[in-house]
Amino acid sequence: MAVAKKEQELIVSVSPHIRSEESTSKIMWTVTLSLLPAFAMAVYYFGPRAIYVTALCVVGSLFSEWFVQRMAGKEIAVKDGSAFLTGVLLGLNMPSSVPFYIPLVASFVAVAITKQLFGGLGYNIFNPALMGRAFALITWPRAMTTWFTPTAAFMGMDATTTATPLGILKEEGVHKLLEVFGDKMTLYTKLLIGYRAGSLGETSVIALLIGAAFLLYKRYISWHIPVSFLATVGLLTWIFGGKEGLFTGDPIVHLLSGGLMLGAWFMATDYVTCPSVKKGQIVFGIGCGFLTALIRLKAGYPEGVMFAILLMNCFTPLIDRNLKSRVFGARKEAGK
Amino acid sequence: MEKEFLKLFELFIAASVINNFVFTRFLGLCIFFGVSKKMETAIGMSITFTAVMVISAALSWIVFHYVMIPLEITFLKIIIFIGIVAAFVQASDTIMRKVSPGLYYKLGVYLALISTNCIIIAVPLINAGENYNFLESLSFGLGSGIGFALALTIMASIREKLELADVPRPFRGMPIAWITTALIALAFTGFSGLITL
Amino acid sequence: MEHQLPEEKVSYLQILKTAIFKENVIFRLVISLCPSIAVTNSVRNGFLLGIAVVFVQVMVNVTVAAIRKFIHPRIRIPIFMLIISGWVTIVDMIMAAYARAAYKEIGLYIQIIVAFASILARAEMFASKNKVLPSLFDGLGSSLGFLGALVTISFFRELLGKGTLLGHTIVNAKPLLIMVMPTGGFLVVGLLMGFFNWIDIRFYGGKGAGGAGGH
Amino acid sequence: MSFKDIIKITLNLVILYTLAGILMAAVYSKTSPIIYRKNIEEKQKALQEMMPEADDIKKLGDWYPHEKHAEYFVARKCGEVKVKTVKDEVTGTTKEIKECVNPEVIGYIVQTFGKGYSSYINILFSVDTNFIIKKMNILHHAETPGLGDEITLDWFKKQFTGKDLEHLKVDKTGTKKEYIQAITGATISSRAVAEDGIANGLKFLMKALKGEVEHGASTARGEG
């Protein structure tokens with residue numbers, strides 16, 4: 001769900017303004033389409049489980065959407081594709097090994113509570129898919145952090161559990177990461193093509209970038225949030241990420257691992273939950289980047305993208321409010 | 001010296017963000033839900049609250065350490081702390097009305113609400129329980145105040161946005177405010193493990 | 001609430017009923033909320049804090065009603081505060097001595113009963129204008145409503161979060177761990193409020209209490 | 001405000017405060033000895049659980065892991081227990097007093113803190129005279145529910161029994177059974193207990209017994 005339509009550059013009110021049912025649904029399905037490469041890579045690496053988990057998420061989302069709209073006596077708008085897209089995004093954010101009830105409950109939290117209770121599409125404060133995942137992570141901490149080594153799983157290999165690159169980085173340090181992956185080049189390449197442990201859709205950076213390029217070309221997303229987000233993470237992890245002092249961190253590892261690419265291009269840009277003005281979007285991106293780096297480097301969780309985006313979602317109305325009439329230009333430069 | 005300063009800073013961050021009173025210690029909820037409907041009131045409340053917080057933390061620390069401990073009447077701490085807070089609020093109410101009627105007009109209404117806020121009594125109690133020294137008490141008080149202000153401002157901006165939303169009828173008003181708070185609290189768990197106290 | 005009920009005519013049952021359901025402190029008036037989350041991760045804690053509140057509220061109401069003619073109106077509020085914090089201190093000391101395990105978990109929240117507006121509100125709105133016996137019932141009703149709300153919330157949270165009730169295993173799993181955490185508390189209260197509003201709208205034709213908030 | 005009002009207000013306040021004061025003092029005098037006694041009893045019980053066979057557990061001194069106050073104790077077993085009957089001269093009742101003859105040191109109990117994921121974990125453990133762990137218990141913690149809080153489960157606590165200082169290390173792989181097995185997904189909490197808490201406590205104890213520690217070793221008089 002990643003849209004910055006042309007009209008919005010002029011419109012400064014807080015809620016998005018969707019022209020008509022048709023265009024909303026067109027946008028939703030296009031964004032879904034752009035996730036196809038990432039999904040294909042997920043299927044390649046994690047096998048039938050990838051299809052199974054994503055399908056459960058989609059079914060759960062569609063059902064929750066229908067259920068709440070039915071209960072509230074609203075028009076049933078399951079077909080507009082937004083619930084479908086939330087389901088797909090949620091699926092791509094799940095580890096391959098989760099038991100069946102986790103995708104179902106998570107998608108209920110995502111669609112029914114985070115979106116529909118707040119008034120449905122266009123009114124939700126938080127990114128539904130991420131909220132569903134956060135709920136699942138806190139509720140089933142173990143199942144949600146059991147990762148499998150990617151294999152070309154259709155060949156029927158038995159999978160082994162392992163830690164994500166960020167998990168290794170957090171607990172053991174960068175030397176261990178190199179020990180596991182070989183040399184630095186292999187590490188970067190494997191991170192780039194996605195041969196690593198992680199959530200289904202987040203591993204293959206290339207596939208994600210293809211999808212993002214498509215959306216950029218279609219002008220469904222703008223560069224402001226992703227670029228300021230990624231730049232901040234890169235900068236901060238470079239300065240503070242190393243053990244030997246300032247400027248010894250490895251920003252490339254941080255940029256390529258975890259859910260950063262998926263989060264920055266497809267989740268942070270969700271047009272309902274990010275600021276509507278460009279300056280606000282840059283502040284939003286920098287905030288996301290700062291919080292991601294803070295959580296990754298200092299707090300308890302190895303990965304911080306999800307929490308960073310959710311936290312910045314809290315601030316979106318505040319950013320919108322303050323940047324409507326006057327300009328907070330002070331921090332703009334850092335984002336470039 | 002540097003270590004002590006770091007400890008103060010950690011206390012401040014922990015009190016304001018990680019163990020945010022509203023989202024993880026569940027205190028001050030009454031005012032949190034009561035005055036977060038409009039941004040303007042939320043900001044007025046935040047300013048008044050933080051000021052009262054810091055000063056009453058300081059006052060009660062002094063009384064606790066120089067009066068109550070020597071007299072061995074620490075078992076009366078509840079009564080004495082609420083007395084201090086109430087007296088201070090009453091006094092500043094009177095002084096503000098005399099000295100700066102303009103400011104009183106803006107912030108005076110919140111003063112009356114404050115003395116029945118749980119955080120304002122919880123902070124001296126926690127300071128006493130954790131045996132913080134004077135500066136630590138101050139920075140804990142300030143952190144709590146800022147944390148509350150942060151929570152209030154976020155909540156007010158979200159609720160103003162929700163005014164326009166088509167929330168299902170049984171959930172309008174309070175219920176959706178609680179659910180919003182639940183989701184914010186969930187986002188705030190991302191900070192866990194940042195500082196161990 | 002009618003502030004000046006004709007003292008003799010109102011039945012005590014009526015007072016109780018109004019205070020428990022119609023003016024339920026947490027779900028309807030939406031005040032004194034802090035403990036509704038803090039102590040409700042187990043039924044036992046919720047119940048104990050509820051009992052402490054019942055005791056304090058009843059004693060405060062009785063004390064206030066008993067000495068209401070004696071108190072000078074100008075210093076009414078400070079006197080009420082003194083009475084409340086006195087009774088809270090007593091409960092605090094008694095629990096520290098006799099209910100130690102629970103006190104370790106909910107001690108801070110016992111002390112914070114001092115700042116519960118609902119207690120001050122009942123003292124100010126009812127007890128200071130009525131005789132001892134009606135005040136007793138008013139206090140009992142209001143605090144029983146509070147106790148009921150705490151137990152209801154903690155029932156869901158303990159069952160879903162720990163799979164137990166009063167410490168006894170019901171399901172041998174932790175179905176929704178999040179329920180014992182802060183988020184779960186807010187969520188349960190929000191959903192329950194919505195649910196009660198729904199019942200009110202659906203079956204009693206009410207408007208659904210928005211709850212003014214306050215404290 | 002008239003003069004009469006002022007008198008009335010003053011009288012109001014004086015009488016009410018006196019009454020409240022008397023009432024509270026009464027409750028305080030009744031409850032505070034109980035609170036005090038129960039605190040001591042609970043502590044003694046926790047220590048006894050660590051070393052059920054000990055007849056006598058005495059505090060050896062204080063120490064400060066992570067700048068927090070902790071204590072350590074010596075446990076003794078009596079060669080023989082003599083029971084004396086003593087008559088209390090004030091009340092006239094008789095009491096039985098146990099007297100320990102030829103006490104023998106059988107181990108030590110140490111309280112320690114480990115820096116966990118989101119809290120300092122308060123731990124109590126006992127060792128025999130060869131510094132082999134006998135038991136451990138978690139007194140207080142605030143680790144993540146569902147993950148870190150499994151340090152309080154029996155399977156985790158039991159694996160400490162029989163470990164020496166060398167083997168108080170956490171193994172994540174699940175293969176090296178002679179070490180402490182980490183809780184899946186909660187390596188930080190596991191390490192906090194085993195390495196930061198207990199191993200450090202044990203090191204401290206060894207030093208303290210050799211007299212190498214300056215602060216804290218305020219040994220119980222003449223008996224240490």
Side-chain angles (χ1 to χ4, degrees), chain A residues 13-15 68-69 71-74 109 112-128 130-135 137-139 170 272-273 291-292 294-322, chain B residues 6 9-10 13-14 17-20 22-24 36-40 42-43 46 147 149-197:
Chain A
S13 65
V14 279
S15 53
V68 180
Q69 285 176 339
M71 284 297 282
K74 289 184 184 173
V109 171
I113 293 180
T114 316
K115 197 174 86 182
Q116 289 298 338
L117 273 194
F118 283 80
L121 180 64
Y123 298 113
N124 47 305
I125 304 292
F126 297 94
N127 186 305
L130 284 179
M131 207 34 113
R133 179 171 192 263
F135 188 94
L137 178 68
I138 306 287
T139 309
K170 183 121 196 168
V272 181
T273 57
L291 290 169
T292 302
L294 183 75
I295 293 171
R296 279 187 180 182
L297 299 178
K298 295 282 175 212
Y301 291 99
E303 172 59 310
V305 171
M306 172 184 78
F307 286 118
I309 298 175
L310 288 176
L311 282 166
M312 287 314 288
N313 284 163
C314 306
F315 287 97
T316 296
L318 210 58
I319 296 173
D320 263 330
R321 212 188 131 86
N322 281 302
Chain B
L6 194 71
F9 182 69
E10 283 191 343
I13 295 293
V17 183
I18 305 160
N19 293 328
N20 185 293
V22 175
F23 299 129
T24 59
S36 60
K37 263 195 202 139
K38 283 269 166 301
M39 195 59 164
E40 216 168 289
I43 289 175
S46 301
L150 181 74
L152 209 52
T153 328
I154 293 179
M155 191 64 182
S157 67
I158 292 180
R159 283 179 81 175
E160 283 194 349
K161 186 173 168 181
L162 278 179
E163 290 278 291
L164 311 169
D166 183 22
V167 176
R169 200 161 137 224
F171 284 92
R172 264 171 227 168
M174 273 296 151
I176 198 70
W178 279 76
I179 290 166
T180 310
T181 314
L183 299 185
I184 302 177
L186 185 52
F188 266 69
T189 49
F191 286 120
S192 68
L194 194 60
I195 291 170
T196 307
L197 273 183

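Sequence lines set the chain letters: A, B, ... in the order given, protein chains first and strands last, and positions in each chain run from 1. Remember, it's a predicted structure, so these values are computed and weren't measured experimentally. Every heavy atom of this structure was used, including side-chain atoms; hydrogens, water molecules and symmetry mates were not.
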Problem set entry | B/Phe171 portion near chain A, given a 4.5 angstrom heavy-atom threshold |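 When you check distances to chain A, only side chain atoms of B/Phe171 fall under 4.5 Å.
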Flag the pair [X] / [Y] as yes when at least one side-chain heavy-atom distance between them is below 4.5 Å, and no otherwise.
{"X": "B/Val167", "Y": "A/Tyr123", "result": "no"}
{"X": "A/Phe315", "Y": "B/Ser157", "result": "no"}
{"X": "A/Ile125", "Y": "B/Leu183", "result": "no"}

For [X] against [Y], the heavy-atom pair lying closest together:
{"X": "B/Ser192", "Y": "A/Tyr301", "answer": "OG-CE1, 3.6 Å"}
{"X": "A/Cys314", "Y": "B/Ile184", "answer": "SG-CG2, 3.8 Å"}
{"X": "A/Lys74", "Y": "B/Asp166", "answer": "NZ-O, 3.3 Å"}

Problem set entry | Residues B/Leu186, A/Leu310; criterion side-chain contact (heavy atoms from CB on, under 4.5 Å); working and verdict | CA-CA 9 Å; B/Leu186 185 52; A/Leu310 288 176; 5.6 Å; no
Checking heavy atoms, do the side chain of [X], its backbone, both or neither come under 4.5 Å from chain B?
{"X": "A/Leu117", "result": "both"}
{"X": "A/Leu311", "result": "both"}
{"X": "A/Leu130", "result": "neither"}

Exercise. Rounded to the nearest 0.5 Å, how far apart are CZ of A/Phe118 and CD1 of B/Ile158?
Worked result: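 So the gap between those two atoms works out to 7.5 Å.
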Exercise. Does the pair B/Lys161/A/Asp320 count as a salt bridge with the N-to-O cut at 4.0 Å?
Worked result: no
Exercise. If you tally heavy-atom pairs under 4.5 Å against chain B, which of A/Gln116, A/Lys298, A/Met131 wins?
Worked result: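 Top option by heavy-atom pairs under 4.5 Å: A/Met131.
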